[in-house]
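In what follows, a structure is listed as structure tokens, so that the remarks can point back to it.
Because the structure is predicted, anything quoted here is derived from the model rather than measured.
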Amino acid sequence: MYLCVMANILDRDIQYLAGIGPKRAELLRKELDIHSFRDLLYTFPFRYLDRTRIYAIREIEATMAWVQIRGTVVGISYAGENRGKRLVATLSDRTGRIDLIFFQGIRYIEQKISIGKEFIVFGRPSSFNGSLNFVHPELEDPETALSQGQTMTGVYSSTEKLRNNGIGIKVFSKLIHNLLQQCLDQIPESLPEHIRQRCGLISIRQALRNIHFPENLQALEQARARLKFEELFYLQLSLLKQKNVRMRHGSAPVFGRIGEYFNDCYCRLPFELTNAQKRVIKQIRTDMRSGLQMNRLLQGDVGSGKTMVAFLCAAIAADNGFQTCLMAPTEVLAQQHYQGALQFAGNSGLKVALLTGSTKTKERRRILEELADGQIHLLVGTHAVIEDPVQFQRLGFAIIDEQHRFGVEQRARLRYKAELPPHILVMTATPIPRTLAMTLYGDLDVSVLDELPPGRKPITTRHLSEKHRSALYRFLKEEIKKGRQVFIVYPMIKESEKMDYQNLQNGYEEIVQEFPAPEYITAVVHGQQKNEDKAHDMQLFADGKAHILVATSVIEVGVNVPNASVMVIESAERFGLSQLHQLRGRVGRGAEQSYCLLMTGYKLSQESRQRINLMCSTNDGFELAEADLRMRGPGDIEGTQQSGLAMDLRISNLSKDGPLLNYARELAQDILQQDPLLERPENKLLTHQLTYLRTHCEEPIDYSRIS
Ligand code: ADP
Ligand code: MG
């Protein structure tokens with residue numbers, strides 16, 4: 001396989017490029033992580049200076065990127081004083097007037113301009129005091145400007161260090177120019193002809209030239225389309241092929257029967273399953289019967305009943321003589337799942353155990369024994385359950401709750417806990433936009449619980465600030481009087497941990513003063529507590545013995561206290577959308593009207609305000625997730641960083657290129673359907689390219705290890 005990978009000129013070390021020696025190569029490596037010709041070639045401009053067109057002043061809008069206008073100076077004036085002094089030159093064409101503003105190098109500008117002189121002005125429009133202007137634009141003599149040719153110039157991201165060492169924008173651009181000259185005609189085509197034709201894509205050579213030096217907007221768009229498609233297509237092809245391979249090598253536990261455990265537990269459920277739950281259980285059953293390993297992602301908003309689905313499937317595993325483990329990201333959650341599992345199992349005989357970091361030695365020994373001889377059907381725990389000493393007699397099913405908290409490596413270890421690979425169900429309450437799910441979990445099947453159990457009232461969300469605080473406290477007292485419980489959450493951001501704890505501590509003291517014992521009992525949970533203290537206070541609240549729980553975002557995931565009806569989030573502007581939504585999901589689980597109250601400072605950035613407004617306007621987690629992706633980009637979405645699955649797409653953007661992603665995935669699917677192993681002559685290039693990408697390019701996601 002590897003032998004067929006041709007030596008590719010793009011793999012050459014960057015220092016062998018004309019204009020780059022060892023010293024510059026070192027700099028490029030350090031500053032921009034550019035090692036090879038390929039790395040440099042695939043460093044694309046992040047924007048373009050479009051000099052192909054001269055705009056009329058009337059057409060200018062504040063939202064435009066860099067534009068060119070041509071006009072005559074009709075006025076020069078000064079504003080401000082001393083350090084705030086600025087020169088304002090007014091430019092006019094036949095369509096209108098616009099101000100050019102200079103704060104620095106005023107002397108130089110004074111020499112350059114005079115009334116009546118004509119310029120080509122190149123800059124980025126902005127709006128100030130309600131009128132449009134250009135701040136420090138480039139000024140050029142029309143004759144010279146036009147003689148340079150009308151092109152689009154790429155702008156590359158650079159660093160201070162690079163600029164100081166002589167690799168500024170122009171030099172960088174020159175290096176890429178050299179590179180293209182040296183190797184463009186040796187770059188092998190990387191998409192088969194039939195695909196290029198089918199999708200109307202230009203060649204790789206054209207694309208690479210035009211992405212760096214487009215002649216016009218249309219050429220740039222064609223280059224973008226080709227490169228984006230290629231990136232997304234190979235990503236999807238690799239994911240789907242992986243899945244194909246897994247399916248072919250399938251031999252997984254077969255859960256063919258429904259037996260006593262399932263029937264018993266099912267009959268005792270105090271409620272009817274939602275249609276969504278029934279549908280998902282059917283999907284899972286089909287997988288589990290197939291003889292192929294299940295790898296399924298179960299998405300559903302908080303409270304949609306994912307855990308219940310998982311328990312029922314664990315009962316099916318038991319009915320077929322297999323064991324199940326359920327892994328939760330925190331001790332508190334593991335504890336809660338354990339309680340839930342005990343209640344679920346009742347006296348059906350389904351045996352449940354809890355194993356966490358704080359399980360006592362004696363108890364641990366007993367659990368390990370009972371696991372090894374198959375007495376325990378369902379083991380609930382933290383990552384302790386996949387540690388080495390834990391040996392199952394016959395593990396057949398693994399449930400991972402809130403998957404993004406789990407390292408990829410930890411998930412991989414599951415494989416080696418059993419003879420046959422266990423079926424895997426990953427549950428996440430962080431709704432993930434479809435495009436992101438398709439990429440992060442592209443080789444998993446996805447089930448969605450898109451229906452909440454009946455009888456839940458939508459949560460009312462309000463934005464409050466400091467001036468509402470006494471009203472807030474009055475409101476909390478009323479709710480507590482009605483028998484409800486209250487969460488008060490403080491942000492905990494790593495960089496300012498000390499200050500955050502201070503805030504929490506102060507907040508806690510204020511609450512205790514405002515809500516004095518014994519009338520009010522306040523529990524507190526945060527990361528600097530001993531585990532026992534944490535568990536103690538958490539339990540106090542879960543049992544309804546404390547009215548208020550002051551906490552950091554540790555309660556973020558999963559904790560279920562149906563009687564809690566108010567979630568107060570302090571400094572809400574510091575939380576991301578999906579985190580806010582997660583927190584809000586802690587309430588609204590009972591039949592009562594629930595509230596989420598977002599406390600913020602007065603001064604909010606535009607983005608924070610947008611987030612808060614969105615939270616107040618919708619309860620739909622998927623809608624929020626889409627908005628989060630739009631606002632922050634995939635790299636910042638909750639979970640993608642922690643999971644080590646940072647997106648490393650060079651040119652496509654998951655929030656904007658959804659349709660293209662769909663198209664690429666469908667095409668990949670189509671090709672694999674006709675040629676599952678990509679063996680046909682016309683698909684040889686695909687196989688070659690997949691191997692090449694896997695071995696020669698940095699692989700951002702090691703898909704083979706996810707499942
Ligand atoms: P998730 O894991 O999706 O957050 P859970 O499975 O923990 O949701 O369910 C949340 C709560 O709703 C639990 O108290 C559970 O017992 C209850 N529940 C689950 N399914 C239903 C249903 N179909 N009808 C009513 N209540 C349900
Ligand atoms: Mg849950």
Side-chain angles (χ1 to χ4, degrees), residues 46-48 59-67 84 86 98-99 101 103 123-137 155 157 430-433 435-436 459-469 472 489-496 499-500 503 553 556 567-585 595-641 646-647 653-658:
F46 67 92
R47 63 183 168 85
Y48 297 83
E59 293 177 288
I60 303 296
E61 285 169 28
T63 51
M64 286 175 159
W66 290 64
V67 291
R86 46 189 196 275
I98 198 161
D99 285 343
I101 300 184
F103 296 94
R124 192 179 191 143
S126 55
S127 135
F128 180 74
N129 276 349
S131 65
L132 287 172
N133 56 43
F134 286 93
V135 178
H136 279 272
V155 181
S157 43
T430 312
I432 303 167
T435 54
L436 199 58
I459 301 164
T460 302
T461 304
R462 293 267 185 275
H463 177 193
L464 306 177
S465 56
E466 230 24 74
K467 68 174 183 233
H468 303 110
R469 192 168 286 280
L472 169 70
V489 178
Y490 286 82
M492 189 56 60
I493 316 283
K494 280 241 160 56
E495 301 90 67
S496 52
M499 244 180 66
D500 286 342
N503 288 344
S553 23
E556 181 190 332
M567 166 64 66
V568 179
I569 305 178
E570 296 282 351
S571 305
E573 69 271 28
R574 294 180 61 199
F575 290 94
L577 260 183
S578 53
Q579 225 182 348
L580 288 172
H581 181 64
Q582 285 281 311
L583 287 169
R584 175 166 61 184
Y595 303 87
C596 174
L597 305 170
L598 306 171
M599 291 291 283
T600 71
Y602 292 111
K603 275 207 164 159
L604 290 182
S605 72
Q606 199 188 346
E607 205 199 295
S608 308
R609 191 169 295 279
Q610 240 177 338
R611 268 204 306 273
I612 304 282
N613 289 345
L614 260 164
M615 279 295 294
C616 294
S617 70
T618 180
N619 272 311
D620 181 334
F622 281 94
E623 197 180 322
L624 290 166
E626 296 285 351
D628 210 15
L629 179 61
R630 264 199 318 277
M631 281 160 68
R632 295 200 296 169
D636 289 328
I637 293 289
E638 194 93 346
T640 57
Q641 279 174 342
M647 295 282 83
N653 176 334
L654 292 180
S655 59
K656 294 186 184 137
D657 297 323

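One finds the CG atom of L464 at 11.0 Å from the CD1 atom of I569 (value rounded to the nearest 0.5 Å). Going from atom CD of E623 over to atom OG of S617 covers 6.5 Å, rounded to the nearest 0.5 Å. A distance of 11.0 Å separates CZ in R574 from OG in S608, rounded to the nearest 0.5 Å. With rounding to the nearest 0.5 Å, the separation of OG1 in T460 from CG in L597 is 9.0 Å. Here the CG atom belonging to L614 is positioned 11.5 Å from the OG1 atom belonging to T461, to the nearest 0.5 angstrom. Considering CG of L583 and SG of C596, their distance stands at 8.0 Å, rounded to 0.5 Å.
At least one donor-acceptor pair under 3.5 Å links the side chain of R584 to the backbone N or O of M615. Without hydrogens or angle criteria, H136 side chain to F103 main chain gives a donor-acceptor distance under 3.5 Å. The backbone N or O of G576 sits nowhere less than 3.5 Å from a side-chain atom of D628 that would complete a donor-acceptor pair.
Looking at every heavy atom in both residues, V489 comes nearest to F575 through CG1-CZ, 4.2 Å. Here the closest heavy-atom approach between residue S571 and residue P491 is recorded as CB-CG, 3.7 Å. In terms of heavy-atom proximity, A572 sits nearest to L580 at O-CD2, 3.9 Å. In terms of heavy atoms, M64 sits closest to V67 at SD-CG1, 4.1 Å. The two residues I98 and N133 come nearest to each other via the heavy atoms CG1-CA, 3.9 Å.
Counting heavy atoms from C-beta outward, F134 and P125 have side chains that approach closer than 4.5 Å. No side-chain heavy atom of V155 sits under 4.5 Å from any side-chain heavy atom of W66. Between T600 and R611, every side-chain heavy-atom pair lies at or beyond the 4.5 Å cut-off. Residues S578 and L624 fail the side-chain proximity criterion, which asks for heavy atoms closer than 4.5 Å. With contacts defined as side-chain heavy-atom distances shorter than 4.5 Å, the pair L577/H581 does not qualify. Side-chain contact between Y602 and K467: present, with at least one pair of heavy atoms (C-beta onward) separated by less than 4.5 Å. Side-chain contact check for R469 versus M599: some heavy-atom pair is nearer than 4.5 Å.
We find that D99 and R86 are not joined by a salt bridge, their nearest charged nitrogen and carboxylate oxygen being 4.0 Å or further apart.
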(request) Under the side chain to side chain contact (heavy atoms under 4.5 Å, CB included) rule, what do L604 and H463 come out as? Steps first, then yes or no, please. (result) CA-CA 12 Å; L604 290 182; H463 177 193; 3.7 Å; yes

